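To keep things clear, I will list the structure first and then write my remarks on it.
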Amino acid sequence: MAGGPKILIVDDEPVVIKSAERVLKSEGYDIEGAGGGREAILKLEKGGYDLVFTDLKMPEVDGLTLIKWIKKTNPHIGIVIITGYPSQDTIRDALELGIIDYVPKPFTPSVLLDVTERAVQWSEGRKPKEDKAGEEFPPAMAAELDRVIGAFRNVPGGLIPVLQRAQEIVGYLPPVVQKRIAKGLNLSEAEVHGVVSFYSFFTMKPRGDHNIRVCLGTACYVKGIEGVLEKIEENLKVGIGETTGDRRFSIEGVRCLGACGLAPVMMIDQETYGALTPAKAIGVIKGFDPSVGGAEVTAAAAQEEG
Ligand code: FES
C-alpha cells in the first residue's frame, strides 16, 4: 500500500464521490472514484485496490453485479456498500455475497471514517487466511462473544438473547458479528439479519458511549420535545440516528418511553429525564460531558427553570 490503503468509490452521483474523497483523503487514504460499475471494473482490472465502496443502484452495471464480479475475480478486495434506502432484501443479498459493512446515504464524516477503519482492519487481517472470523474485532470481544454463543447453542429461541449480549459486548451488530452468530448458532446469515433489522433495539450502526433516546411520541410532542431535540442536535452537531465525531453521544428518536406523565422525556443510557426544557436537556448532557453547551448553559437552565 503506497501511503494509505487504496479505496475505489463507485457511485453515479459525483457529489457522493467528492464528499467521501474529501473526508477520507484528509485521513491519509488513497482515493479514486468511478461513476459506475463498468468504469469500476476497468479500473479494478488494473489492480492495486484494497477496498471498494459502492452504491447499489446504478445504470448499466449495478452494485450487486459489480460485487459478484469482484468476489469472483478479486476476492481479497473488501467491499462496503454506500446506499440510500436499502431494502432488507438488497442488504441480505449483499451480505450473502460477503460485504463487510454498509454506509447509509447521506453519511456523516464520523460514520464514514468508522466504517472505513473497520473495513481496513478486515482487509489487513485477511491477508493469507480465508475466513479467520474473530480477527475483525478485538480478540477479547470475540472470545466473550463465542462464550455467549456457546451458552445458547442448543437453546430454543437463543438468537435474541445472543444478539442482545453481542450488542452489549461490541456496541452494535455489524455484518461480521451477525455472521459469527449465524455460524455459531447454525442459522443462515439472512435469518440473523432479518431479526436484527426487525427489532428497533438492535442497531447495525456504531453508537456513542452514551445513547440519548429522545421520545417523539404524541404526549412528548405536545409538550415541546421538538424544541428540546433541536437544541440537543444543535449542541452535539449531529442529528437523529447519528453519533458525534468523538463517539461520546448518539441520538435516537423513539416512539414512546412509557413515561408520558413526565413528558417531554428523554433517556440517556438507562436513566429517564422528564419535564425537559431545551436548556435542562443540555444541562443533563453537560453532566456527562462538561464541554457540551459552553459555560452559559448552566445559567440559562437555571433561568429557564426559575
Ligand atoms: S409519548 Fe413520550 S413518554 Fe410516552
Side-chain angles (χ1 to χ4, degrees), residues 83-86 88 91 101-115 118 160-161 163-175 177-178 192-289 291-293:
T83 189
Y85 300 97
Q88 276 192 28
I91 293 273
D101 214 332
Y102 82 95
V103 182
K105 262 198 302 196
F107 49 78
T108 59
S110 62
V111 168
L112 182 66
L113 284 172
D114 208 77
V115 171
R118 280 200 310 277
I160 291 194
L163 289 171
Q164 279 169 327
R165 278 293 294 133
Q167 186 158 294
E168 281 165 24
I169 297 164
V170 184
Y172 67 114
L173 301 168
V177 171
Q178 294 179 37
V192 174
H193 179 72
V195 172
V196 171
S197 38
F198 182 78
Y199 293 100
S200 60
F201 48 83
F202 291 133
T203 177
M204 288 185 266
K205 285 194 259 169
R207 282 187 175 151
D209 298 337
H210 302 289
N211 192 32
I212 305 174
R213 293 197 284 159
V214 178
C215 180
L216 305 174
T218 314
C220 289
Y221 223 86
V222 171
K223 295 274 187 147
I225 196 72
E226 213 177 355
V228 173
L229 175 61
E230 249 169 46
K231 198 77 185 165
I232 296 175
E233 291 181 331
E234 182 189 306
N235 275 274
L236 297 184
K237 300 184 181 59
V238 288
I240 282 190
E242 295 177 344
T243 299
T244 52
D246 59 2
R247 299 281 297 273
R248 290 283 284 151
F249 298 99
S250 304
I251 311 179
E252 198 185 325
V254 295
R255 281 292 143 213
C256 177
L257 287 169
C260 311
L262 299 175
V265 177
M266 71 176 175
M267 274 182 90
I268 300 186
D269 305 329
Q270 305 309 318
E271 203 65 45
T272 304
Y273 301 90
L276 292 174
T277 60
K280 186 171 166 186
I282 301 304
V284 170
I285 296 171
K286 205 177 171 63
F288 289 84
D289 181 348
S291 68
V292 173

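Remember, predicted model here, so these are calculated numbers, not experimental data. Worth knowing before you read on, the calculation uses all heavy atoms, side chains too, and leaves out hydrogens, waters and symmetry mates.
- In this structure, OG on Ser291 lies 7.5 Å from NZ on Lys286, to the nearest 0.5 angstrom.
- Contact annotation: the side chain of Val284 approaches that of Met266 to within less than 4.5 Å [non-hydrogen atoms, C-beta and beyond].
- To the nearest 0.5 angstrom, Leu163 atom CG is 4.5 Å from Phe202 atom CZ.
- In this structure, Arg247 and Asp114 have side chains that are in contact, with non-hydrogen atoms separated by less than 4.5 Å.
- Distance check, rounded to the nearest 0.5 Å: CD1 of Ile282 to NZ of Lys231 gives 7.0 Å.
- The shortest distance between side-chain heavy atoms of Leu236 and Val292 falls below 4.5 Å.
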Between Gln167 and Val177, is the side chain to side chain contact (heavy atoms under 4.5 Å, CB included) condition met? List the steps. CA-CA 9 Å; Gln167 186 158 294; Val177 171; over 6 Å; no
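- One finds the CE atom of Met267 at 4.0 Å from the OG1 atom of Thr272 (value rounded to the nearest 0.5 Å).
- Remark: side-chain polar atoms of Lys280 are paired, donor with acceptor, to backbone N or O of Gly274 under 3.5 angstrom.
- Contact of the Glu233 side chain with the Glu242 side chain is not registered, since no non-hydrogen atoms from C-beta on lie closer than 4.5 Å.
- The closest side-chain heavy-atom distance from Ile232 to Val214 is below 4.5 Å.
- Taking CG of Leu173 as the reference point, atom CD of Gln164 lies at 10.0 Å (rounded to 0.5 Å).
- A perpendicular orientation is assigned to the rings of Phe249 and Phe288, their planes being inclined by more than 60° (bins at 30° and 60°).
- Rounding to the nearest 0.5 angstrom, the gap separating the CG atom in Asn211 from the CG atom in Asp269 is 7.0 Å.
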Please evaluate residues Ile285 and Ile212 with respect to the criterion side chain to side chain contact (heavy atoms under 4.5 Å, CB included), reporting the C-alpha separation (whole Å), side-chain torsions for both, the decisive distance (0.1 Å), and the verdict. CA-CA 9 Å; Ile285 296 171; Ile212 305 174; 3.7 Å; yes
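- Contact record, Cys260 with Ala219: CB-CB, 3.9 Å, taken as the closest heavy-atom pair.
- Looking only at side-chain heavy atoms (C-beta outward), Leu216 and Ile225 come within less than 4.5 Å of each other.
- Listed for the Thr203 side chain is no donor-acceptor partner under 3.5 Å among the backbone atoms of Tyr172.
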For the pair Val111 and Thr243, evaluate side chain to side chain contact (heavy atoms under 4.5 Å, CB included) and give the outcome as yes or no after the intermediate values. CA-CA 8 Å; Val111 168; Thr243 299; 5.7 Å; no
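- Judged purely by atom type and a 3.5 angstrom limit, Thr244 has no side-chain atom pairing as donor or acceptor with the backbone of Gly208.
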Check the pair Leu229, Ile251 against side chain to side chain contact (heavy atoms under 4.5 Å, CB included), reporting the backbone distance first and the verdict last. CA-CA 9 Å; Leu229 175 61; Ile251 311 179; 4.2 Å; yes
